[in-house]
Each structure stands twice: as C-alpha cells, then as structure tokens.
Amino acid sequence: MGSRAHTGGLAATATAAVVVAVVSALAVAGCAGPGATGTPEPADVPDYRCADEPVPPAVLDGGRSAATLGEHGQAALRGEEVPAIEPADWLVVSESDRWVALIRELDAPQDRGAGDVRTHEILTVQRDVAADAASAWWLSMSGECTLRRDVGEGVATLTLDPDHAPDPASTQVAVLVTEQSCNSGEDAEGRVMLVELTESSDVVDLVVVVAPRGGDQSCPSNPATPFVVELDAPLGDRVVRDAAVVPPRELEPAG
C-alpha cells in the first residue's frame, strides 16, 4: 500500500519531500507480534515533548512522584516565582543540581481551538549557580501543554476542513494545518509536510509538520493552511486521527 500528499484539487499541499510510513490493513490483520503494526519496541520509543521539554515515555508509565524529590528538587520548589503545587499530583521528568522538570495530566483537556488541545501541565525550575543560596532557583517555565511525539521541528495542529467534509467514497482527506511557530501571521503554504501516514482497517493516522520558515518573525496567531492527503483506499468509515499527539486524537472539523 502506498500513499501520497495530493498537490491539487481541494487544496494546495507541500512542495517539500514527503516521507510516508504506511501499514496496510492486511498486515495488521495477518501478522502477530510487537512489530506487526509498526509500533516500535519500548526501548526504541523516542521521547515525547510537552512545550518543547523532552518527556521520556517511562515517566508517564510508572514514573516517580514529585513527592519523592531529593534535596535539589525540594529547593527548586521553593525557588523564586515557583507556584505552589501538590507534589503528589506531579511526576518527575528530570532532576539535577541545576534543573528540575515536573509534569502532570490535566483534570480535563483544554481546547484552545484549531486543533490545539492541551492535555498536561509542565513546570521547569532552573538553578543559577552564580547566585547565593537564597535566590539560586527560579521559575523557567510553567503552563499547559500538549504531549507530543518528538517528530522534529515544525509543530502543527490539525482539524478537518469543514468546507470539505470526509467522504467515505473518496481517497482524499482534507485537513486544516495551523503552524505553532511564529510566522508573522502568515499561513504555511508550501511548507506543510506529511511525515507519516498509517492506514489500517479502522483508522487513518496522520503526522503532519511544518518546515520552519526561518528568519525573524512576529508572533500573532497564524491562519490555518488547507492540505489534502491521498489515501490508498477509500476512507470508508475509518476515523482520521492526529498521531503526532499522545495518545492519537480523532480530528474534528474546525470551528
């Protein structure tokens, strides 16, 4: 089974090279074992990211509570501008004598529109080794984030294109791609890339990124960019998901 990014018809797609990983429904149904669906072995799973902070998968699966933080971690929680937290609600991403990172899952996802759904909260605290002990630790980052696979630069959010609803008889899926990096309020035409497409009998998983524009850019909200993906078989009743986020999330129409 092969797949492509469509370059005409409903919308313009990326002109950059597209790397596509496809798992056919036949292979999923006919093979057994950990590698049958293309899922990497646990040792090969790359780090996730939340607001650009690397998060090893093991942290989320049996990681240790922030209630177990050592001397440095405890000092970090008392740092300058660090918000008060309940350590038992957080997991330790990393802890050293200069850096502490914690993460927790939100009680309910926060939908900010355009496919931007925040699922976690991240907290990082940094130590200034040149400062005196009383002010050595200070808040580096705190806020809601989306847990994502580390697929490189160019984070984008996805929605279905409401002007071109999924057609079960069609081999095309029209989506809207919103670049998350600063881009001076411009769209991402010509820079959208489909880096992974996995088709099975019940789902179509997409991983889409945007190649960085480069240069100095201002940071108003970016408009969505239409993008069309070509499937190897009609969509049927399969669910289309954004597989760059963890876990993969079913796409909803924009708006």
Side-chain angles (χ1 to χ4, degrees), residues 39 45-67 82-94 101-124 139-162 165-166 173-182 188 192 195-198 200 202-210 219-225 227 229 238-255:
T39 303
V45 175
D47 282 351
Y48 302 142
R49 286 190 175 269
C50 226
D52 210 33
E53 178 68 22
V55 180
V59 167
L60 305 171
D61 184 15
R64 66 186 180 96
S65 164
V82 176
I85 65 168
E86 176 51 61
D89 295 338
W90 295 73
L91 296 173
V92 179
V93 177
S94 59
L102 309 177
I103 194 171
R104 77 175 185 96
E105 186 172 2
L106 296 174
D107 296 332
Q110 300 296 313
D111 189 344
R112 300 198 175 188
D116 183 5
V117 180
R118 309 292 173 91
T119 55
H120 289 72
E121 186 176 4
I122 195 82
L123 174 68
T124 61
L139 179 67
S140 175
M141 176 174 58
S142 176
E144 297 169 352
C145 60
T146 303
L147 192 65
R148 293 180 168 275
R149 292 168 51 192
D150 190 355
V151 294
E153 297 186 35
V155 172
T157 59
L158 302 180
T159 62
L160 294 174
D161 188 339
V173 176
V175 298
L176 296 178
V177 181
T178 303
E179 182 176 13
Q180 297 300 291
S181 298
C182 297
V192 179
V195 296
E196 186 175 305
L197 168 62
T198 303
S200 71
D202 55 353
V203 298
V204 173
D205 281 345
L206 312 175
V207 176
V208 175
V209 301
V210 175
C219 293
S221 298
N222 297 324
T225 303
F227 186 78
V229 177
R238 294 182 292 175
V239 172
V240 183
R241 304 188 302 182
D242 181 357
V245 301
V246 181
R249 183 169 58 247
E250 181 177 354
L251 296 189
E252 300 287 346

Minimum heavy-atom distance between [X] and [Y], given as atom pair plus value:
{"X": "Cys145", "Y": "Ala51", "value": "CB-N, 3.6 Å"}
{"X": "Ser65", "Y": "Ala88", "value": "OG-CA, 3.6 Å"}
{"X": "Ser94", "Y": "Glu53", "value": "OG-OE2, 4.2 Å"}
{"X": "Ala243", "Y": "Pro248", "value": "CA-CB, 4.0 Å"}
{"X": "Val92", "Y": "Ala66", "value": "CG2-CA, 3.7 Å"}
{"X": "Val59", "Y": "Ile103", "value": "CG1-CG2, 4.3 Å"}

Review point. How far does CG of Leu106 sit from OG1 of Thr146, to the nearest 0.5 angstrom?
Key: 9.0 Å

Is the closest side-chain heavy-atom distance between [X] and [Y] below 4.5 Å?
{"X": "Leu147", "Y": "Leu60", "answer": "yes"}
{"X": "Pro54", "Y": "Asp150", "answer": "no"}
{"X": "Val203", "Y": "Arg238", "answer": "no"}
{"X": "Val210", "Y": "Thr225", "answer": "no"}
{"X": "Leu102", "Y": "Ile122", "answer": "no"}

Listed by chain and number, what are the side-chain contact (heavy atoms from CB on, under 4.5 Å) partners of [X], not counting sequence neighbours?
{"X": "Val209", "value": "Val151, Met193, Val195"}
{"X": "Thr159", "value": "Leu176, Ala254"}
{"X": "Ala58", "value": "none"}
{"X": "Ser142", "value": "Pro83, Glu121, Leu123, Leu139"}

**Study point:** Selection residues 239-249 - residue pairs positive for salt bridge (charged side-chain N to carboxylate O under 4.0 Å, His left out), sequence neighbours left out
**Key:** Asp205-Arg241

Check your understanding: Do Asn222 side-chain atoms and Glu179 backbone N/O form a donor-acceptor pair below 3.5 Å?
Key -> yes

Check your understanding: Has the side chain of Arg149 got a donor or acceptor atom that lies under 3.5 Å from a matching backbone atom of Val246?
Key -> no

Exercise for review: Report the residues that fulfil salt bridge (charged side-chain N to carboxylate O under 4.0 Å, His left out) with Asp52, sequence neighbours left out, ordered by chain and then residue number.
Suggested key: Arg49

**Study point:** With sequence neighbours excluded, residues passing side-chain hydrogen bond (donor to acceptor under 3.5 Å, both in side chains) with Asp89
**Key:** none

Review point. Stepwise, does the side chain to side chain contact (heavy atoms under 4.5 Å, CB included) test hold for Val93 with Leu91?
Key: CA-CA 6 Å; Val93 177; Leu91 296 173; 5.9 Å; no

Solution key, residues 110-118 side-chain donor-acceptor pairs under 3.5 Å, sequence neighbours excluded:
residue : atom : partner : partner atom : Å
Gln110  : NE2  : Ala108  : O            : 3.2
Asp111  : OD1  : Gly113  : N            : 2.9
Arg112  : NH2  : Glu144  : OE1          : 2.9
Asp116  : OD1  : Arg118  : NE           : 2.8
Asp116  : OD2  : Arg118  : NE           : 3.3
Asp116  : OD2  : Arg118  : NH2          : 3.0
Arg118  : NH1  : Glu144  : O            : 3.2

